[in-house]
Number of protein chains: 2
Amino acid sequence: MASSRVTLRDIAEEVGVNPSTVSRALNPKTRGMVTGEIARQITEAADRMGYRPNPFAYSLRTNRSFTVGVLVPDLTNPAFAPIIKGIDNVLEASGYSVMVANTDNVAERERRNVDKFRERHVDGLVIATARRHDPLIDECRTEGTPLVLAVRKTTDSDISSVVSDEVTGGETIMSHLAQLGHRRVAYVAGPQELSTGFERHQGYVRGLNANNLEYDAGLVEFCDAFTEEEGRRAASRLLASGRDFTAIVAANDMIAIGIYDELQTKGLVCGRDISVVGYDDMLFSSKFDPPLTTMHSPLLDIGAEAARILLEQIDDPETPPRSVKMTPELILRKSTGKPA
Amino acid sequence: MASSRVTLRDIAEEVGVNPSTVSRALNPKTRGMVTGEIARQITEAADRMGYRPNPFAYSLRTNRSFTVGVLVPDLTNPAFAPIIKGIDNVLEASGYSVMVANTDNVAERERRNVDKFRERHVDGLVIATARRHDPLIDECRTEGTPLVLAVRKTTDSDISSVVSDEVTGGETIMSHLAQLGHRRVAYVAGPQELSTGFERHQGYVRGLNANNLEYDAGLVEFCDAFTEEEGRRAASRLLASGRDFTAIVAANDMIAIGIYDELQTKGLVCGRDISVVGYDDMLFSSKFDPPLTTMHSPLLDIGAEAARILLEQIDDPETPPRSVKMTPELILRKSTGKPA
DNA sequence: ATATGCTCTGCAATCGTTTGCACAGACTTT
DNA sequence: AAAGTCTGTGCAAACGATTGCAGAGCATAT
């Protein structure tokens, strides 16, 4: 009675009709074609016999796999895991399965996995690894499988994406700091080839202007990656520069942690001697020492929305690309205060 | 030149042979059957034309999908994400794709997803949601798809699993505490229907004995889930009991965090007034306030090893079940100290 | 009464592989 | 030289669905 041993043919024999009739009866779209009573018998038999369509046969015939591929730089990074969860939640409800691939930020692995996804004929792709200029994404687009970018987008606007409004996020942070009285705030930027890194930095600059603070190139340091270690090094450079500042804003929470590390080794206490603000509000950022003031990115929602758009696109490939921008929210905690 | 438009038949026509010959030439196992020169021409043509086998056709014929399903309670939980990453790493290298499903600890969702995996004919399953007595797992076993349990296992020993040595882990923690001079240590246990919760508690009891400390039922509180909130409540009960103790060991880091919360609201300072130890050494446990002394669970390795065993089992279904136990490692940080 | 249309079902092809079987030709063996 | 391997290839049948097409049966319109 168990696994998909029972086929359309079995049911057909049971009921005494042709397999094609069974197929039609079981497919909602064609069910109307078959006589009510027969259709009833067929579904009854199918249930009784425990019929489960063979997905390979189905896919071979239709070229649909009810599968989508998800590409992330790091499954274990709290700034990405929620995205996958959001995707999984909506896709599971729609009967899709999600295949994930971890790329550790290496382009070659990204390409390899996208190729694998394509070979497997996934119905769609959600990619969270995009660079602002990304040949891989270009290929994907021209190649034609539905695609939506999550969190990180390309400069290209005619491709679906769902991200958070990074620049106003960055701007808001600056206003918060300005309001507290900070005049000289340093910035530890993320990789500029990523939209997140780029736009958050843009937000910083705008925030400076909006609050009549002047831009000082000596106050911004760039990281090659969104990592603790990079953050620590940047903070170290900042501190060593001898420049004067009362706050540091980080391009994300991971970098902020690195800043925490460096401040601590230098004997500075964050929140009192100097303010620090992060970005993303990733898991446990409220548990750090001190709890981190940060901009909340609605990652779960981003994932869910990306999945929804992808489904639209799968259902109707003619759907024009759609880009949505979620709004982040400032979370005030203990790492910021009035300037010392 | 692009997607899998080119089939065996195309190559066959190009080279002037029968598709079956092409199939044999391209399959390493049967390549020897075909004349060297022809085989060479075939691979050359295949490369040139960009041949990619159609996975659906392959799977339909062979019933192999080169896909494995992974079931976890929570993708975003740092105590699970690394497992998936470990699995993904080894499976990716072997050409498999991994499908993940998030179950949020709800049995019905576990079943639904396992069913889905089966319908999709995954070649194997790794499950990280098992309860000690788990009907779903029993079914899986009798049903026959290769299966390995990760982190959480059933009481059943004839089923492959890879876990960490929880009881000696728990025991070691107690020895550490005893060595510091603690005589009365409380325990906040995890769900007893999970092997982790159960065995870690067992380790606690053994550790008590090993160090000539007596068991006091009033000093152990049970949690219904490995969550911060449950931990907080348990700590609250403990504190309210009026009992005397100088340390609390938590069944995992999440619970430990909850304990931190409660201590803080009660004005107790962890590491000085009272010691706390966690379990798992999940991401950021070194960043908490204070940095958490905890038992490191080699989650990445567990995932990787689970994947390896699964591959063995897939390659040869007759392989007897294998259970491996990884050894955890105590990480000393700031949350433990001499009794106040 | 014939023509026309409509509804339902069956036939058979197809998707792209793999693989058992038959067989042709060459190579041993006696 | 006849008989018996052995090798390499092709043929065709699966695997289990979907779907265009044809036609049977019946009702309606002419």
Side-chain angles (χ1 to χ4, degrees), chain A residues 2-43 45-46 49-67 95 118-123, chain B residues 2-43 45-46 49-67 95 118-123:
Chain A
S3 56
S4 94
R5 299 269 59 156
V6 23
T7 73
L8 282 187
R9 185 203 224 84
D10 296 328
I11 301 181
E13 279 170 11
E14 177 80 7
V15 179
V17 296
N18 189 282
S20 49
T21 302
V22 178
S23 172
R24 291 191 264 254
L26 261 22
N27 184 331
K29 297 208 188 318
T30 49
R31 176 138 227 224
M33 292 184 186
V34 12
T35 312
E37 170 56 13
I38 298 196
R40 212 195 45 67
Q41 284 180 43
I42 289 176
T43 37
M49 303 170 72
Y51 172 70
R52 290 281 169 271
N54 181 310
F56 304 138
Y58 175 87
S59 294
L60 176 58
R61 186 67 229 265
T62 62
N63 242 327
R64 293 264 333 248
S65 61
F66 278 98
T67 277
R118 270 212 284 265
E119 283 176 25
R120 296 192 169 240
H121 288 97
V122 295
D123 293 336
Chain B
S3 56
S4 97
R5 299 268 59 155
V6 23
T7 73
L8 282 187
R9 184 203 224 85
D10 297 328
I11 301 181
E13 279 169 12
E14 176 80 6
V15 179
V17 296
N18 189 283
S20 50
T21 303
V22 178
S23 172
R24 291 192 262 255
L26 260 23
N27 184 331
K29 296 209 187 319
T30 48
R31 176 140 227 227
M33 292 183 186
V34 15
T35 311
E37 171 56 13
I38 297 195
R40 214 196 43 68
Q41 285 180 44
I42 289 176
T43 37
M49 303 169 71
Y51 172 71
R52 290 280 169 272
N54 181 309
F56 304 138
Y58 174 87
S59 293
L60 176 57
R61 187 65 230 265
T62 62
N63 241 326
R64 294 263 333 247
S65 62
F66 278 98
T67 275
R118 270 213 284 265
E119 281 175 26
R120 295 192 170 240
H121 292 262
V122 296
D123 293 335

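Any value given below was found using the heavy atoms of this structure, including those in side chains, with hydrogens, waters and symmetry copies removed. Lettering follows sequence order; numbering is per chain, from 1. This structure is a prediction, so every number in the text was calculated from the model and none was measured.
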**Q** Once you round it to whole Å, what is the distance between P of dA14(D) and CG of Leu8(B)?
**A** 20 Å
**Q** Tell me what Arg9(B) touches on the nucleic acid: a base, only sugar-phosphate, or nothing, going by heavy atoms under 4.0 Å.
**A** nothing
**Q** Between Glu37(B) (CD) and dT9(D) (P), how many Å, whole number?
**A** 11 Å
**Q** Whole-Å distance between dC21(D) P and Arg24(A) CZ?
**A** 13 Å
**Q** Contact class for Gly36(B) vs. all strands (heavy atom < 4.0 Å): base, sugar-phosphate, or nothing?
**A** nothing
**Q** So does Tyr58(A) get a side-chain nitrogen or oxygen closer than 4.0 Å to the phosphate oxygens (OP1/OP2) of dT19(D)?
**A** no
**Q** What nucleotide, of dA17(D), dT17(C), dT9(D), holds the atom closest to the side chain of Met33(B)?
**A** dT9(D)
**Q** Among residues at least two apart in sequence or on other chains, which ones pass side-chain hydrogen bond (donor to acceptor under 3.5 Å, both in side chains) with Asn63(B)?
**A** His121(B)
**Q** In this structure, how many angstroms lie between the P atom of dG16(C) and the CD atom of Glu119(A), rounded?
**A** 15 Å
**Q** Which is true for Ser23(A) with a 4.0 Å heavy-atom rule: it touches a base, it touches only sugar-phosphate, or it touches nothing?
**A** base
**Q** Write down the distance between CG (Asn27(B)) and P (dG20(C)), rounded to a whole number of angstrom.
**A** 12 Å
**Q** Counting only heavy atoms from other residues, nucleotides and ligands, does the tally under 6.0 Å from CZ of Arg9(A) exceed 12?
**A** no
**Q** Within a strict 4.5 Å, meaning less than it, do heavy atoms of the Val22(A) and Tyr51(A) side chains meet?
**A** no
**Q** Tell me what Ser20(B) touches on the nucleic acid: a base, only sugar-phosphate, or nothing, going by heavy atoms under 4.0 Å.
**A** base
**Q** What integer distance in Å separates Asn63(A):CG from dT17(C):P?
**A** 12 Å
**Q** Minimum heavy-atom separation for Asp10(A) and Arg5(A), please, with both atom names.
**A** OD2-O, 3.5 Å
**Q** Identify whether any heavy atom of Thr35(B) sits under 4.0 Å from a base atom; if not, whether one sits that close to sugar-phosphate; answer base, sugar-phosphate or nothing.
**A** sugar-phosphate
**Q** What distance do Ile42(B) atom CD1 and Thr35(B) atom OG1 have between them, rounded to the nearest 0.5 Å?
**A** 9.0 Å
**Q** For Asn18(A) and Pro19(B), find the nucleotide of DNA chain D closest to each by heavy atoms; which residue's nucleotide sits nearer the 5' end?
**A** Pro19(B)
**Q** Measure from the side chain of Leu60(B), starting at C-beta and using heavy atoms only, and say which of dT9(C), dT9(D), dG16(D) lies closest.
**A** dG16(D)
**Q** Taking atom P of dC15(D) as reference, at what distance in whole Å does atom CG of Asn54(B) sit?
**A** 18 Å
**Q** Provide, to the nearest angstrom, the distance between the CG atom belonging to Leu26(B) and the P atom belonging to dT9(D).
**A** 14 Å
**Q** Which nucleotide in the set dT17(C), dT9(D), dA17(D) lies at the smallest distance from any side-chain heavy atom of Thr7(A)?
**A** dA17(D)
